[in-house]
Number of protein chains: 2
Amino acid sequence: MNDKKPAASQRAGKEAKRAVTVTDIAQAVGVSRATVSLVLRGSPLVNVDTRAKVEAELRRQRYVYNRTAANLRRRTSSSIALVINDLSNPFFAEFASGVDEALGEKGYVTLLGSTSESPARQQAVLSTLMEHTPTGFILSPAEGSDTQALRQVLGVNANVLLFNRELEGADWDFLTMDNQNGAYLATRHLIEQGHRDIAFFGGHAASSSCHQRRIGYQRALSEAGLDLRQDWLIESAPNRLEAAARTGELFEGGQRPSAAVCYNDTVALGLMLGLTSRGIRPGADFAVTGFDDISEASVAVPPLTTLTADPRERGRQAASLLLQRLDNPDAAPMRVVAPVQLRVRESSAALPR
Amino acid sequence: MNDKKPAASQRAGKEAKRAVTVTDIAQAVGVSRATVSLVLRGSPLVNVDTRAKVEAELRRQRYVYNRTAANLRRRTSSSIALVINDLSNPFFAEFASGVDEALGEKGYVTLLGSTSESPARQQAVLSTLMEHTPTGFILSPAEGSDTQALRQVLGVNANVLLFNRELEGADWDFLTMDNQNGAYLATRHLIEQGHRDIAFFGGHAASSSCHQRRIGYQRALSEAGLDLRQDWLIESAPNRLEAAARTGELFEGGQRPSAAVCYNDTVALGLMLGLTSRGIRPGADFAVTGFDDISEASVAVPPLTTLTADPRERGRQAASLLLQRLDNPDAAPMRVVAPVQLRVRESSAALPR
DNA sequence: CTGAAAGCGCTTACAG
DNA sequence: CTGAAAGCGCTTACAG
């Protein structure tokens with residue numbers, strides 16, 4: 001039990017008006033509660049007339065099915081918990097929207113949780129959600145999550161689908177963008193535009209997605225016979241402010257890059273800010289690519305070349321993978337890599353020589 | 001009961017591993033279930049030693065509190081339903097984020113629902129959510145919602161907070177941006193920039209927020225001694241595409257406006273697109289203002305002058321208002337107007353004469 | 001085809 | 001301070 005949290009309030013009214021129950025309906029019609037229950041669950045066993053009478057009474061009394069009670073008795077659940085870092089990130093908002101949509105179609109309700117990238121809050125949120133007995137979890141783990149601690153709070157046999165961030169030693173299902181290929185595509189695109197001095201900008205090297213993206217970047221470089229320079233691997237928290245602040249690090253060495261593959265769109269937008277404030281025009285003097293295709297990417301100045309993963313569709317996919325898992329609890333963990341497409345815009349134009 | 005929806009799956013494993021219950025703990029320790037329950041709920045009645053033994057056993061068996069069972073018995077609920085049109089709208093995503101954050105702090109869990117602006121889907125979603133017995137609803141109604149139908153599905157004594165869209169004949173609590181004052185501020189700002197021919201562009205006149213905004217617009221005009229022209233009141237669905245398509249309607253009359261107060265940012269962004277495609281440069285040849293300050297507003301070309309309402313803070317406020325209502329079910333309906341601030345950017349520059 | 005009984009996991013008077 | 005009993009609203013064998 002969670003001892004920090006107070007709450008849980010009485011239903012409206014001093015003396016909570018009792019809701020209409022199967023008992024009320026049964027009495028009114030003159031049948032047993034079992035019969036009412038069978039009608040509710042659409043059993044074919046019930047006599048047509050009995051069914052009709054019960055259904056009429058159900059409507060008359062405006063009966064509302066109490067699914068939580070039914071779930072308790074049946075030892076099932078009709079909810080799924082969706083836990084993400086931050087709904088105000090448009091990528092995750094789209095994702096959440098897709099999850100909720102797909103779950104709703106299957107009769108599940110979505111329990112929401114957000115962690116603000118804090119592993120501690122994540123533990124607290126998951127623990128609270130567990131008390132509501134969701135059938136499963138769709139979790140985009142906070143950076144720095146501890147797999148052990150997660151397993152602890154989620155229990156051994158929980159149905160969990162990890163999204164976006166891989167976890168050391170976790171044997172849960174995992175859905176990820178094709179980070180490596182995405183960064184590869186972006187880098188190759190820049191090379192095709194004539195760039196030879198290309199940095200990789202932003203993200204935390206420790207995070208699995210940043211790691212994957214750097215590998216793709218590296219692969220494209222080496223395929224083109226270009227050297228990888230350690231001083232052009234620049235880390236930054238994935239927010240605009242820090243990215244802008246770290247812009248200078250690109251130009252500290254003797255040789256200066258003419259382009260940067262950025263960890264994601266937010267970082268790329270920050271970098272463009274940083275460039276502009278130095279009098280370097282993104283898209284004209286310096287090429288930039290992002291990752292995610294958030295809605296701001298297309299309206300940025302210049303519009304941002306990026307990789308699109310269709311987050312809403314990823315959400316639907318995540319939901320569907322989790323539901324598959326429910327039907328098949330003993331199957332081996334799945335690892336699904338969703339494809340990613342390059343969206344070329346003006347931020348990655350060829351530079352005049 | 002909802003007859004369209006199937007679903008609700010067994011817990012993991014062919015034969016669902018029984019979860020650890022108070023009974024298990026009670027047996028292991030050699031006390032009654034009542035005592036375990038008292039320990040769980042932190043009752044001071046329990047002997048210190050007994051408590052310690054129970055708590056140790058709770059940890060040892062990794063007991064997880066089943067709050068849904070407790071809620072059933074106590075006739076309470078610890079969830080609140082949040083129903084919005086579209087999570088992928090950044091304004092609502094921020095709002096949802098604030099709601100969830102504030103509810104979480106009070107020990108509530110958020111049930112998510114989205115309607116895609118469809119009243120029919122809204123009914124279905126609300127009906128499903130009702131079966132999960134949430135304590136209350138935070139609802140941003142779909143356009144064209146039927147108050148009667150809503151009251152029907154939500155029941156008489158439901159705790160409901162309406163957000164953003166007023167509903168004819170509804171006596172639920174209502175939280176709204178200051179639409180009227182916002183549009184007034186935007187219009188006055190354009191007048192101060194030297195504009196005298198100002199249109200109001202976008203939104204459905206039937207929607208309450210559009211209606212309010214038009215009133216504010218009108219008030220600013222009349223204060224400045226400017227005439228209201230019916231042909232400069234142009235409707236458009238609040239999406240970018242339709243707004244862009246309707247751009248032409250601004251220039252059909254003899255006299256052409258030099259500026260437009262737009263229903264919201266999305267419409268303004270669409271209008272800017274429409275202007276550009278006609279060779280009219282927004283911010284240089286034609287001034288534009290929006291409403292909402294979505295994240296794209298600041299990175300648009302040119303950056304969009306708009307009204308900011310701090311949607312995350314509105315979310316927190318909505319949560320807090322609903323919780324107030326729970327404590328005070330018999331108070332009169334509240335009507336709360338949240339202030340709105342003008343954010344001046346380049347899209348509303350003074351035009352060269 | 002229908003009903004009586006037991007039970008999901010918890011809590012709450014009521015005794016003692 | 002602790003336990004026995006009843007019950008939240010539902011469902012599920014089991015009889016008949």
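Heavy-atom basis, side chains included; hydrogens, waters and symmetry copies ignored. Numbered from 1 within each chain, the chains take letters A, B, ... in sequence-line order.
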Among the nucleotides C/dG9, D/dT2, D/dG3, whichever has the atom closest to the side chain of B/Asn66 is C/dG9

Out of the candidates B/Gln123, B/Glu117, B/Gln122, B/Glu168, only one should pair with B/Ser145 under the side-chain hydrogen bond (donor to acceptor under 3.5 Å, both in side chains) rule; please name it.
B/Gln122

Output the single nucleotide from D/dA6, D/dG3, D/dT11 whose closest atom is nearest the side chain of B/Val31.
D/dG3

Residues B/Glu101 and A/Arg121 bridged, charged N to O under 4.0 Å:
no

Candidates C/dT12, D/dT11, C/dC8 - which lies nearest the side chain of B/Arg73:
C/dT12

5' precedence on DNA chain D between B/Ala70 and B/Leu38 (nearest-nucleotide basis)
B/Leu38

Output the single nucleotide from C/dC1, C/dG9, D/dT11 whose closest atom is nearest the side chain of A/Thr50.
C/dC1

Does A/Arg51 use its side chain to pair, donor to acceptor, with the backbone of A/Val36 at less than 3.5 Å?
no

Whole Å only: how far is the CD atom of A/Glu131 from the P atom of C/dT11?
11 Å

Within this structure, what is the NZ-to-P distance between B/Lys53 and D/dC1, rounded to whole angstrom?
15 Å

For the residue pair A/Phe95 and A/Phe163, categorise the inter-ring angle as parallel (less than 30°), tilted (30 to 60°) or perpendicular (more than 60°).
parallel

What is the distance, rounded to the nearest whole Å, between atom CG of B/Leu40 and atom C1' of C/dT12?
14 Å

Value in whole Å for how far the P atom of D/dT11 lies from CD1 of A/Ile25:
13 Å

Do we see a donor-acceptor contact under 3.5 Å between the side chains of A/Glu57 and A/Gln61?
yes

For B/Leu58 and B/Val39, which heavy atoms make the closest approach, and how far apart are they?
CD2-CG1, 4.4 Å

Rounded to the nearest angstrom, tell me the gap between atom CG in A/Asn71 and atom P in C/dG9.
13 Å

Any side-chain N or O of B/Arg75 below 4.0 angstrom from OP1/OP2 of D/dG9?
yes

Let's see if you can work this out: which of C/dT2, D/dT11, C/dT12 has an atom nearest to the side-chain heavy atoms of B/Arg41?
C/dT12

Check the interface with nucleotides 13-16 of chain C: list each N/O to N/O pair with the protein under 3.5 Å, or write none.
none

Out of D/dT2, C/dT2, D/dT11, which has the shortest distance to the side chain of A/Thr35?
C/dT2

Identify which nucleotide among D/dT12, D/dG9, C/dC8 has an atom closest to any side-chain atom of A/Ser37, counting heavy atoms from C-beta outward.
D/dT12

Expressed in angstrom and rounded to an integer, what is the separation of A/Asp24 atom CG from D/dC8 atom C1'?
13 Å

Let me spell it out: for each of A/Leu72 and B/Asn47, pick the nucleotide of DNA chain D with the closest heavy atom. Which residue's pick is nearer the 5' end?
B/Asn47

How close or far is atom C1' of C/dC8 from atom CZ of B/Arg74, stated in whole angstroms?
19 Å

Bracket string, DNA chain D, 5' to 3' - pairs by Watson-Crick or G-U geometry under 3.5 Å, | interstrand:
|||.||||||||.|||

Does the pair A/Asp100/A/Arg312 count as a salt bridge with the N-to-O cut at 4.0 Å?
no

Protein-nucleotide distance (B/Gln27, atom CD; D/dG3, atom C1'), rounded to Å:
14 Å

Under 4.0 Å between a side-chain N or O of A/Ser32 and OP1 or OP2 of C/dG3?
yes

So does A/Arg151 pair up with A/Asp171, basic N to acidic O under 4.0 Å?
yes

For the residue pair A/Pro329 and A/Leu326, what are the closest heavy atoms and their distance?
CD-O, 3.7 Å

Are the charged groups of A/Glu94 and A/Arg314 less than 4.0 angstrom apart, N to O?
no

